[in-house]
Amino acid sequence: MDKNKLILPITILLGCVILGGTFYAVQASKQKSIEKQQALKMEEDRRIAGIKAEEDKKAAEAKAEMDEKEFDAKRKSDCLSIYKTESDKWNNARGWRYDETENLCYIRYKDPKPKSAAECEAQYKDLTGLYFITQKLLCKDGEFENSF
C-alpha cells in the first residue's frame with residue numbers, strides 16, 4: 001500500500017513536468033515565430049523605403065527637368081519679346097535665337113556697312129570655336145548678332 005500512495009503524487013508531478021515542458025516548447029516556438037515575422041517585416045520595410053527613396057529621387061529629377069524646361073520656355077518667350085521690341089526700334093533686325101547652354105538671347109541684325117568675304121576671313125582667320133565660326137558666317141552674310 002505504500003507503493004500505491006506514491007503513485008498518485010509521482011503521476012501528478014510527471015504530468016506537471018510534461019505539461020510545463022510542452023507549454024515552454026510552445027512559447028519558445030511562438031517567440032521564434034514572432035522574431036522571424038519581425039525580421040521579415042523589417043526587411044520589407046527596408047525594401048519599401050529603398051523603393052520610396054528611388055521613387056522620390058526620380059520625382060525630384062523629373063521636377064528639376066520640368067523646372068528647367070519651364071525656365072527655358074520662359075526665356076525663349078522673353079527672347080521673342082526682345083526681338084519684337086528691337087524690330088519695332090530698328091528696321092534692320094532680322095531674327096532671333098535662344099541659346100539654352102549659355103542662357104543668352106541673340107538678336108541678328110543686317111549690317112548697314114557689310115564687310116567683304118575677304119575682310120571677314122581676315123578678321124576671323126585665327127579664331128576657332130563655334131562662336132567664331134558663327135560670327136564669320138554672319139559677317140559673310142552681312143549680318144551681326146547682339147546678345148541679351
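None of the values given here were measured: they were computed from a predicted structure.
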Measuring only between side-chain heavy atoms, which start at C-beta, is [X] closer than 4.5 Å to [Y]?
| X | Y | result |
| --- | --- | --- |
| Asn92 | Tyr109 | yes |
| Glu86 | Phe148 | yes |
| Tyr106 | Leu104 | yes |
| Cys139 | Gln135 | no |
| Lys125 | Lys136 | no |
| Ser116 | Glu119 | yes |
| Leu138 | Glu145 | yes |
| Trp96 | Ile82 | no |

Can you tell me how far [atom2] of [Y] sits from [atom1] of [X], rounded to the nearest 0.5 angstrom?
| X | Y | atom1 | atom2 | result |
| --- | --- | --- | --- | --- |
| Ile107 | Arg94 | CD1 | CZ | 13.0 Å |
| Thr134 | Tyr124 | OG1 | OH | 10.0 Å |
| Leu13 | Leu8 | CG | CG | 11.0 Å |
| Arg75 | Asp72 | CZ | CG | 9.5 Å |
| Leu80 | Ser87 | CG | OG | 9.0 Å |
| Ile34 | Gln38 | CD1 | CD | 7.0 Å |

Do the side chains of [X] and [Y] get close enough for a salt bridge, i.e. N-O under 4.0 angstrom?
| X | Y | value |
| --- | --- | --- |
| Lys140 | Glu121 | yes |
| Asp111 | Lys115 | no |
| Arg108 | Glu143 | yes |

Is the closest side-chain donor-acceptor distance between Tyr98 and Asp78 under 3.5 Å? no
Check: residues 51-68 side-chain donor-acceptor pairs under 3.5 Å, at least two apart:
| residue | atom | partner | partner atom | Å |
| --- | --- | --- | --- | --- |
| Lys63 | NZ | Asp67 | OD2 | 2.9 |
| Glu65 | OE2 | Lys69 | NZ | 3.3 |

Using the rule given for salt bridge (charged side-chain N to carboxylate O under 4.0 Å, His left out), can you reason through Lys41 versus Glu44, listing the C-alpha separation, both sets of side-chain angles and the distance that settles it, and then say yes or no? CA-CA 5 Å; Lys41 185 177 182 333; Glu44 181 68 12; over 6 Å; no
Is the backbone N or O of Ile7 less than 3.5 Å from a side-chain atom of Thr11, with the two atoms forming a donor-acceptor pair by type? yes
